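Counting starts at 1 for both ligands and their atoms, following the listed order. In this text, all values refer to a predicted model and were calculated from it rather than measured experimentally.
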Amino acid sequence: MKALLVVDIQNDFCPGGALAVPDGDTIVPVVNRLINHFDTVIQTQDWHPAGHHSFASSYGDKNPFDTVELEYGSQVLWPDHCVQGTKGAEFHPELNTLKSQVIIRKGFRKGIDSYSTFFENDQKTPTGLSGYLKERHISDLYTVGLATDFCVKWSVLDGIGEGFTMHIIEDAVKGIDLDGSLDQAWIDMKKKGVNVIQSGEILS
Ligand code: VGL
Ligand code: ZN
């Protein structure tokens with residue numbers, strides 16, 4: 001059984017948003033077409049409380065894109081984004097969310113960021129998605145969304161680690177690219193065994 005995993009297509013990750021991914025919104029039409037081809041659609045939503053420890057503004061002496069050491073390891077600091085209940089945290093207005101059967105919210109604990117939709121950034125705290133997929137006998141996840149080098153990448157790596165067959169649809173993801181993080185993400189995902197495909201292979 002297969003499912004489409006739609007990662008973080010939210011206003012703050014689109015042009016005009018607080019942490020805009022370049023051209024992030026351009027994938028929305030192709031993601032909508034892909035949604036029509038899947039019976040099971042799962043979405044993720046970055047969902048931070050104000051004052052989240054991944055926000056540079058929570059420190060006073062830090063700037064966005066600096067790195068700090070937290071209890072669980074190094075953490076990139078971001079502009080305030082996807083704050084619970086704000087417009088920026090809402091899904092892109094043109095994204096078809098009607099078919100989504102489950103929405104995994106992540107990053108809701110103030111002290112832990114969560115890029116992956118399987119585990120928070122301590123690499124220990126589960127979101128519950130793994131159990132959900134296993135109970136529903138879903139073995140194959142087709143991944144699309146934002147951002148390739150953060151939430152998409154970590155979802156793909158952890159999905160493989162959890163025993164799922166992970167596919168990434170190359171023309172339906174977009175990255176942030178901090179100091180080469182985008183190239184590195186593709187290297188890491190391919191090394192771990194992701195299957196890279198194009199939307200045309202599904203939409204044809
Ligand atoms: C993301 C940085 C911070 C993402 C979320 O969705 O890739 N990146 N929070
Ligand atoms: Zn975030």
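- Although no hydrogens or angles enter the test, the distance criterion places a donor-acceptor pair under 3.5 Å between the side chain of D171 and the main chain of S199.
- Within the structure, the closest approach of H81 to ligand 1 falls below 4.0 Å when heavy atoms are considered.
- Not one N, O or S atom of C82 sits under 2.8 Å from the Zn ion (ligand 2).
- Partners of F38 under the ring pair (Phe, Tyr, Trp, His ring centres under 6.0 Å) rule, at least two apart in sequence or in another chain, are Y142.
- The minimum distance between the Zn ion (ligand 2) and any N, O or S atom of H81 involves atom NE2.
- Scanning the protein heavy atoms around atom 6 (O) of ligand 1, the nearest turns out to be D8 OD2, 2.6 Å.
- Within the 4.0 Å heavy-atom criterion, neither part of D149 lies near ligand 1.
- Summary: NE2 is the N/O/S atom of H48 found nearest to the Zn ion (ligand 2).
- Checking D46 against the Zn ion (ligand 2), an N/O/S atom falls under the 2.8 Å cut-off.
- Remark: side-chain polar atoms of D113 are not paired, donor with acceptor, to backbone N or O of Q75 under 3.5 angstrom.
- Atom 8 (N) of ligand 1 has its closest protein heavy atom at F150 CB, 3.8 Å.
- Considering both main-chain and side-chain atoms, I176 never comes within under 3.5 Å of ligand 1 through any nitrogen or oxygen pair.
- Close approach of ligand 1 to C151 is summarised as follows: ligand atoms under 4.0 Å from at least one heavy atom of the residue are 1 (C), 4 (C), 5 (C), 6 (O), 7 (O).
- Among the candidates D177, D158, D188, the single residue satisfying the salt bridge (charged side-chain N to carboxylate O under 4.0 Å, His left out) test with K153 is D188.
- Ring to ring, F108 and H52 are not that close: their centroids are 6.0 angstrom or more apart.
- For the residue pair R105/Q84, the side-chain donor-acceptor check at 3.5 Å is not satisfied.
- Below 4.0 Å from some heavy atom of D46 lie the following atoms of ligand 1, by number and element: 5 (C), 9 (N).
- Within the 3.5 Å criterion, the main-chain N or O of T117 finds a donor-acceptor partner in the side chain of T127.
- When hydrophobic side chains of Ile, Leu, Val, Met, Phe, Trp and Tyr are connected at separations under 4.5 Å, V83 ends up clustered with F55.
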